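Written out below as structure tokens is the structure these notes cover.
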Amino acid sequence: MTPIHQVIINKNTKINPIWIMRQAGRYLPEFREIRKLNPNFIKLCLNKILSTEITLQPLKRFDLDAAVIFSDILMLPYGLNQKVEFQKGFGPILGEINIREMATLDETAFVEKIYPIYKAIKKVSTDNLMKNKNTIGFVGAPWTLLVYMINQQSPKKNLKQDFFKDKELIKNILLVLEKFLKIHIKNQIENGANVIQIFDSWAGLLGEKDLPYYIYSPTVSLVNFVKSLKIPVICFPREIKNYKKYCEIVKPDAVSIDYNIDPRNALKDIQIPIQGGLDPKILLTDKETLKKEAIKYLDIFKDHPYIFNLGHGILPETNPEMVEFLVSTVKNY
Ligand code: CP3
């Protein structure tokens, strides 16, 4: 059994597997080299040879326990024929939504449009480097995708003023997302993904009263779907105010915590396996600080099933040498 499955399924507390959110990305010079020659990010995600190579780059350097497939949560709206572009220094920009077209889109057309992602998952999961390691597939949570689809760009701190105005549109988008997220998850699993992570990066934007409709209910539906396929599911409701309540209602197999939550409180409040937490900015300091902070997490979770990771994606300015040091600190603990 792979280390991550041992932690999530067997609740093993003796090992601490490690992977890093955005481990395939801009902090690696070998990634930047490929990226320079491939200015179109979407096309790069749909190039099965290059996306496989990029996915495996961090595993060639570091003793990580999983590969996370090089793709993006916004490949889903792209597959639904919403225009998606990535502008350097600005982030994603999305086009208008044609909800009538989306609501009638059929499964085959969607799968065909993003098919190279599944081929890359197959290639990664069967690569020699992947012995005793997990292939992590992922999706954006319905709420976070709704945010990008309606806001048409990152919401940074606030949503568009009239974001919630068209309730009928919101309802219909959520229905479309529920259908196609399940199709996307199923295809990732059928091609070799053996853990699914659900990224709810903008969970922190909502107040308590809006959580049942926008987060709990649609996420429960996805979590139950992944469980029905007998694959463990990790949820990352970034900056949600109440992780305890989220876990009790959504019941993922494991939860990834952000760096704003005190790990001691997480240990006290959360019964399921925990992942992550370390502030990515710590990797920009020095080895001594990094070691101290990493060991803090390992000590706190020493009797709790724990997967080492960061509290959000690794920053592009990170020195790969610090990642090497972090991985060996965790492995030698
Ligand atoms: O290594 C991995 O973790 C796998 C690949 C991965 C990417 N995006 C690649 C990527 C994953 C899991 C994601 C998830 C994702 N994408 C999320 C959820 C996690 C989070 O960060 O909160 C979100 C919100 C997105 C949407 C997205 N994609 C944004 C906001 C951006 C711009 C970020 C920026 O700093 O410019 C992206 C682009 C993106 N996705 C890059 C990568 C490696 C950078 C692309 C580049 O310019 O080279």
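In listed order, ligands and their atoms are each counted from 1. Just so we're clear, the structure is a prediction, and the values are computed from it rather than from any experiment.
The shortest heavy-atom contact between Glu178 and Ser221 is OE2-OG, 2.7 Å. For the pair Ile170 and Phe164, the tightest heavy-atom approach, listed with the atom from each and the gap, is CD1-CA, 3.9 Å. Of all the heavy atoms in Cys247 and Ile270, the pair that sits closest is SG-CG2, 4.2 Å.
With a 4.0 Å heavy-atom cut-off, ligand 1 is reached by the backbone of Ser71 but not by any atom from C-beta on. Counting heavy atoms under 4.0 Å from ligand 1, residue Met21 touches it through the backbone alone. Contacts of Phe236 with ligand 1, taken as heavy-atom pairs under 4.0 Å, are absent altogether.
Given atom 45 (C) of ligand 1, the protein heavy atom at minimum distance is Phe41 CE1, 3.5 Å. At the top of the distance list for atom 11 (C) of ligand 1, counting protein heavy atoms only, stands Phe138 CZ, 3.7 Å. Of the protein's heavy atoms, Asp72 OD2, 3.1 Å lies nearest to atom 16 (N) of ligand 1. Shortest contact from atom 23 (C) of ligand 1 to any protein heavy atom: Ile73 CD1, 3.5 Å. Protein heavy atom closest to atom 13 (C) of ligand 1, with residue, atom name and distance, is Arg22 NE, 3.5 Å.
Considering backbone and side-chain atoms alike, His312 places an N or O below 3.5 Å from some N or O of ligand 1. Geometrically, ligand 1 and Arg26 share a nitrogen or oxygen pair separated by less than 3.5 Å. Considering backbone and side-chain N/O atoms, Ser201 comes within less than 3.5 Å of an N/O atom of ligand 1. In terms of N/O distances under 3.5 Å, ligand 1 is not approached by Phe70.
Taking the charged nitrogens against the carboxylate oxygens, Lys296 and Glu293 do have a contact shorter than 4.0 Å, which makes a salt bridge.
Of all the atoms in ligand 1, the ones that sit under 4.0 Å from a non-hydrogen atom of Gln23 are 1 (O), 2 (C), 3 (O). The ligand atoms of ligand 1 that sit less than 4.0 angstrom from a heavy atom of Tyr148 are 24 (C), 30 (C). Which parts of ligand 1 touch Ile69 is read off a 4.0 Å heavy-atom cut-off, strictly below it: atoms 4 (C), 5 (C). Those atoms of ligand 1 that come under 4.0 Å of a heavy atom in Val68, given as number and element, are 1 (O), 2 (C), 3 (O), 4 (C). Residue Arg35 approaches ligand 1 through these ligand atoms, each under 4.0 Å from one of its heavy atoms: 46 (C), 47 (O), 48 (O).
Of the candidates Trp202, Phe86, Phe31, Phe86 brings a heavy atom nearest to atom 37 (C) of ligand 1.
A cation-pi contact, defined as under 6.0 Å to the ring centre and within 45° of the axis, is absent between Lys291 and Phe325.
Atom NZ of Lys331 has more than 12 neighbouring heavy atoms from other residues, nucleotides or ligands inside a 6.0 Å radius.
The aromatic rings of Phe301 and Tyr306 lie parallel to each other, with less than 30° between the two planes, well short of the 60° mark. In this structure, Phe86 and Phe41 have perpendicular ring planes: the angle between them is above 60°, well past the 30° mark.
A side-chain donor-acceptor contact under 3.5 Å links Asp299 and Tyr333.
Taking the six-membered ring for Trp and the full ring otherwise, Tyr118 and His184 have centroids separated by under 6.0 Å.
Formation of a donor-acceptor pair under 3.5 Å by the Asn309 side chain with backbone atoms of Gln275 is not found in this model.
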